[in-house]
Number of protein chains: 2
Amino acid sequence: MSNNADLENRMASLKAYMDANHLKSTAQRDTIAEIFFKSNTHINLEELLTKARKKTAKIGHATVYRTMKLLIESGLAVPRQFGDGQTRYENLPRDGHHDHIICIKCSKITEFRNDEIEALQLESAKKLGFKVINHKLELYGYCNSCG
Amino acid sequence: MSNNADLENRMASLKAYMDANHLKSTAQRDTIAEIFFKSNTHINLEELLTKARKKTAKIGHATVYRTMKLLIESGLAVPRQFGDGQTRYENLPRDGHHDHIICIKCSKITEFRNDEIEALQLESAKKLGFKVINHKLELYGYCNSCG
DNA sequence: CCTTAATTGAAAATGAATATCAATTTCTTT
DNA sequence: AAAGAAATTGATATTCATTTTCAATTAAGG
Ligand SMILES: [Mn+2]
Ligand SMILES: [Mn+2]
Ligand SMILES: [Zn+2]
Ligand SMILES: [Zn+2]
């Protein structure tokens, strides 16, 4: 699936969600959503706002917060908090769930997935009588450049 | 080791840290530290402040924040954030590191430890060129009462 | 077009945590 | 015991991310 087709898919998905919930399509929402869908990082509000204002001037920060909340509700964005007090957003990964390793020196964020860990989490929870809905696994340390 | 001996140990440990850093012993610090050391939950600032004021009236919230920061620096307290925007504190576990399962309905927090998971974390990080310093693993779901 | 309901941005409000600062207290030295 | 230096305290102000408020604007459907 090409980047462009992927973008179109996500825009259409958002549109469908908005239609189903009596929400209106606006230039601000389109701008913010498109910038977000095109981003492939863990982007924060500041970056989104800056980029959005280049396309559509005078966008307020409340609108960015509101639009990201909408994207989260519609399942297209995933909020992440890596401990520095600001929320970051990433696109719903097409290849499934992943966890993160964060460098405590340069802040580089690397994604990984270990199915053995995932399975052991469920097993641990089961032993304790819990039914897991989601989880957060973050490793903090030094990347190979900072090591 | 009895609870009382444990409390005395921790108080002495704090005292040693304060001595080594030219910090002074005060009634407020003693009150907050003792309340914290006696707590066996993941206690938040509000609870600490309420309990502290019963023993030593007029304690300011800034003092509780400052004392908890001191306890963290001295290695006696561990700060935890379970996603509800407020920091919780727990005593340095005597039996080593553990992770948490949190019920998303009743907020019950259960501790667990899985050495296989711990080992796999290091292994995953190593493959990516990272040296892990610490990590955060939280499972969210329903406990057996809420499930 | 018209009507209605949703949306927007500026500004105010919130809530957790930190900083400021004058007054108080501790600890060491006479 | 008194004094002085340095640390501590609590009230208050401040910061920072996020949310709320609200009057004005805009989208959508008939
Ligand atoms: Mn990611
Ligand atoms: Mn714990
Ligand atoms: Zn790095
Ligand atoms: Zn529960």
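For clarity, every value in this text was computed on a predicted model and none was experimentally measured. Order of the sequence lines sets the chain letters (A, B, ...), proteins ahead of strands, with each chain counted from 1.
- At least one donor-acceptor pair under 3.5 Å links the side chain of B/Arg113 to the backbone N or O of B/His97.
- Side-chain polar atoms of B/Glu90 and B/His42 form a donor-acceptor pair below 3.5 angstrom.
- Nucleic acid contact for A/Arg66: base, since at least one base atom lies under 4.0 Å from a heavy atom of the residue.
- Residue B/Met18 is the one, among B/Met18 and B/Arg53, whose nearest nucleotide of DNA chain D lies closer to the 5' end (criterion: closest heavy atom).
- For the pair B/Asp30 CG and C/dT25 C1', the computed distance is 13 Å after rounding to whole Å.
- In this structure, a donor-acceptor pair under 3.5 Å is present between the side chains of B/Gln86 and B/Asp84.
- Residue A/Ile59 is classed as a sugar-phosphate contact, given heavy-atom separations below 4.0 Å to backbone atoms only.
- For the pair A/Thr26 and C/dT8, the criterion of a side-chain N or O lying under 4.0 Å from OP1 or OP2 is met.
- Each of B/Lys24 and B/Ala62 was assigned the nucleotide of DNA chain C with the nearest heavy atom; the assignment lying further toward the 5' end belongs to B/Ala62.
- Checking the phosphate oxygens (OP1, OP2) of C/dA17, a side-chain nitrogen or oxygen of B/Thr87 falls inside 4.0 Å.
- Atom CD of A/Gln81 and atom C1' of D/dA17 are 11 Å apart (whole Å).
- One interatomic measurement links the two molecules: CD of A/Gln86 to C1' of D/dT15, which rounds to 15 Å at whole-angstrom precision.
- The interatomic distance linking A/Asp19 (CG) with D/dA28 (P) rounds to 9 Å, in whole Å.
- Rounded to whole Å, the distance from CG on A/Leu49 to P on D/dC16 is 16 Å.
- The nearest whole Å value for the distance from the NE2 atom in A/His22 to the C1' atom in C/dT3 is 17 Å.
- Side-chain nitrogen and oxygen atoms of A/Tyr65 include at least one within less than 4.0 Å of the OP1 or OP2 phosphate oxygen of D/dT18.
- Atom NZ of A/Lys69 and atom C1' of D/dT20 are 10 Å apart (whole Å).
- One finds a side-chain N or O of A/Gln28 lying less than 4.0 angstrom from the OP1 or OP2 phosphate oxygen of C/dG9.
- Within a 6.0 Å sphere centred on CD of B/Glu46, other residues, nucleotides and ligands contribute 12 heavy atoms or fewer.
- A/His61 comes within 4.0 angstrom of a base, heavy atoms only.
- Atom P of nucleotide D/dA7 and atom CG of B/Leu23 are separated by 9 Å, given to the nearest angstrom.
- Mapping B/Thr67 and A/Lys15 onto DNA chain D via the closest heavy atom, the residue that lands nearer the 5' end is B/Thr67.
- Salt-bridge annotation for A/Glu73 and A/Lys69: absent, with no side-chain N of the basic residue lying under 4.0 Å from a carboxylate O of the acidic one.
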